[in-house]
Amino acid sequence: MPGFAALSAIWGASFALIKVAVDAGVPPVWVALWRCLLGAVTLGAVLLLRGEGVPRDRALWGHSAVVAVLLNTVPFILFPFGETRISSVLAGVMNATTPLFTLLFAVLTVPEERHPGARRLTGLALGFVGVLVVFGVWRGIGSGEAAGGLACLAAACCYGAGFAYLRRFLSGRPESVTTLSALQIGCAAAELAVIAPLAAGAPHWPGAGPAVALLVFGAVGTGVAYLLNLGIVRTAGTTVASAVTYVMPLWSTAIGALFLAEPVGWNALAGGALVIVAVVLARPRPRPATGAADQAPKARQPVR
């Protein structure tokens, strides 16, 4: 429970840290690059401490590069871009739709998920109703708010596609979760190192506060949070670890309201609650365990 609470708080606080950085004028692409660079350094240090080498399998590197695009490079740019136009509270709620997009892509690409059932389809529909409630579509949406919200939804969609791709091509690999995640974040850092200078020029000093936010965001939000996630997966299984999705919007809402003085309307709370209920409905029913092998985690948890 302490690890679970810490992980949900760290990932929930990431939206407020993004907001601090972009409000200080840090371009979204540089927010993404600093996050991945610091996360890659942290995970690389873990690899060294564990004595694990770097794989030379070209197919593994190729799949890791694709997963990095879907789970890191693109969404890590889209969320900061979105938060230049909407609050961190709304961005946190949009992130909670990730399991719904994951189910949608799984239905389209994974043979055993082709028939999700009425309950899970109801969850999908309810989740997107929840998004409409969050935005308060009945009173109209400004162009800036619409662009920001759609960017965050697109980021969640990328997560869904990335998880489906990872499940199909990397979940059964023999390498450790540490190695796979370090490759993923390393590839994302390399991709962003090429994109950032071309898209936003040279970096600039944003001030002490935003710099600390970026440091915490990268080293803790990607590096330390990964270690906590891995510990939860190993001790409690992937079902418990994935439940962090339910708690993150609570943290992002509380932190945005208390520390950034962001407004929290009733529709954000109601829509967020609908999204969480939808995620519960969209989850697959747990299968009864028949032995120790059934209780072991079967899917590797990627870094987000």
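Bear in mind the structure is a predicted one, so any value in this text is a computation, not a measurement.
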With no hydrogens and no angle check, do the side chains of Gln184 and Ser64 hold a donor and an acceptor under 3.5 Å apart?
no
Can you find a pair of side-chain heavy atoms, one from Val133 and one from Val275, that are under 4.5 Å apart?
no
Apply side-chain contact (heavy atoms from CB on, under 4.5 Å) to Leu38 and Thr222, showing your working.
CA-CA 8 Å; Leu38 293 166; Thr222 298; over 6 Å; no
Say whether Leu43 and Leu48 are linked into one hydrophobic cluster, either directly or through other cluster members, by side-chain heavy-atom distances under 4.5 angstrom.
no
Is the shortest side-chain heavy-atom distance between Phe76 and Val31 below 4.5 Å?
no
Mind checking side chain to side chain contact (heavy atoms under 4.5 Å, CB included) for Val54 and listing every partner two or more places apart, or none if nothing turns up?
Trp61, Leu183
Between CG of Leu192 and CG of Asn72, what distance do you get to the nearest 0.5 Å?
8.5 Å
List for me each residue that meets ring-ring contact (aromatic ring centres under 6.0 Å, His included) alongside Phe101, sequence neighbours excluded, and say none if there are none.
Phe128
Can Ile185 be reached from Leu215 by stepping across I, L, V, M, F, W or Y side chains whose heavy atoms are under 4.5 Å apart?
no
Restricting to side chain to side chain contact (heavy atoms under 4.5 Å, CB included), what partner residues turn up for Val41, sequence neighbours left out?
none
On a heavy-atom basis, the closest approach of His204 and Gly25 is CE1-O, 3.3 Å
Sequence neighbours excluded and cut-off under 3.5 Å, please list the side-chain donor-acceptor pairs for residues 14-24, or say none.
{"residue": "Ser14", "atom": "OG", "partner": "Trp11", "partner atom": "O", "Å": "2.6"}
{"residue": "Lys19", "atom": "NZ", "partner": "Glu83", "partner atom": "O", "Å": "2.6"}
{"residue": "Lys19", "atom": "NZ", "partner": "Ile86", "partner atom": "O", "Å": "2.9"}

Does CH2 in Trp30 sit with more than 12 non-hydrogen atoms of other residues, nucleotides or ligands closer than 6.0 Å?
yes
What residues form a ring-ring contact (aromatic ring centres under 6.0 Å, His included) with Phe169, not counting sequence neighbours?
His63, Tyr165
Report the residues that fulfil side chain to side chain contact (heavy atoms under 4.5 Å, CB included) with Ala13, sequence neighbours left out, ordered by chain and then residue number.
Ile255
Straight-line distance of Met94 CE to Leu78 CG, nearest 0.5 Å:
14.0 Å
Cluster check Val220, Phe259: I/L/V/M/F/W/Y, side chain < 4.5 angstrom:
yes
SG/Cys187 to CG/Leu71 distance, rounded to the nearest 0.5 angstrom?
12.0 Å
